[in-house]
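Position 1 is the first residue of the sequence; numbering continues from there. We count ligands from 1, going down the list as the structure has it; atoms in each ligand are counted the same way. As the structure is a computational prediction, the values presented were derived from the model and not from experiment.
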Amino acid sequence: MNIYFDCDYTLITWDGKLRPKVEDTFRKLKEDGHDIYVWSGVGIRWLEVRRHNLEQYVTDCFHKPLFDYERKMQEFGIDPRPDIIVDDYLEITRFFGGIRITPYVYEKLDDRDMDKVYQFISSVSSNQRPDFTLNS
Ligand SMILES: [Mg+2]
């Protein structure tokens with residue numbers, strides 16, 4: 001599945017510190033066969049992705065639409081379409097389908113929301129692919 005992660009307050013704090021367990025979660029999602037994208041309302045964030053050594057897990061970065069989602073998807077050239085999005089902003093998770101994560105504004109080393117994200121994606125993807133168990 002194509003998993004789209006928001007950047008600010010989803011993956012990083014206001015001053016760019018990485019949320020706990022992001023790399024671990026990205027690695028597991030890749031091992032499970034998913035593709036990971038990072039998008040942001042303020043632009044393309046390869047700098048932050050590289051700064052935290054996440055480049056090996058991320059297929060592409062996009063500018064994220066903040067409104068008028070369908071039209072902006074085309075305008076920003078977002079492809080493939082997200083299957084699941086992870087964002088601290090509720091409205092966009094409702095539009096595309098996904099999980100709203102607690103905003104990670106300040107560093108909090110015992111934050112474990114990424115574990116919930118991984119569990120959510122695992123359960124959705126196994127329900128959508130009933131042959132998964134047979135083939136694995
Ligand atoms: Mg955000």
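Pairs passing the salt bridge (Lys or Arg N to Asp or Glu O under 4.0 Å) check and including a residue from residues 85-100, sequence neighbours excluded, read Lys64-Asp87.
For Pro20, the side chain to side chain contact (heavy atoms under 4.5 Å, CB included) test picks out Tyr104, Asp111, Arg112, with sequence neighbours left out. Remark: Tyr9 engages no residue in a side-chain hydrogen bond (donor to acceptor under 3.5 Å, both in side chains) (not counting sequence neighbours).
For the pairing with Tyr57, the side chain to side chain donor-acceptor pair (under 3.5 Å) check across Lys28, Lys30, Arg27, Glu23 returns one residue only, Glu23.
With hydrogens and angles ignored, the 3.5 Å screen pairs a side-chain donor or acceptor of Arg19 with a backbone N or O of Thr10. Using a distance-only test at 3.5 Å, with no hydrogens or angles considered, no donor-acceptor pair links the side chain of His63 to the main chain of Phe76.
The tally of protein N/O/S atoms under 2.8 Å from the Mg ion (ligand 1) stands at 3.
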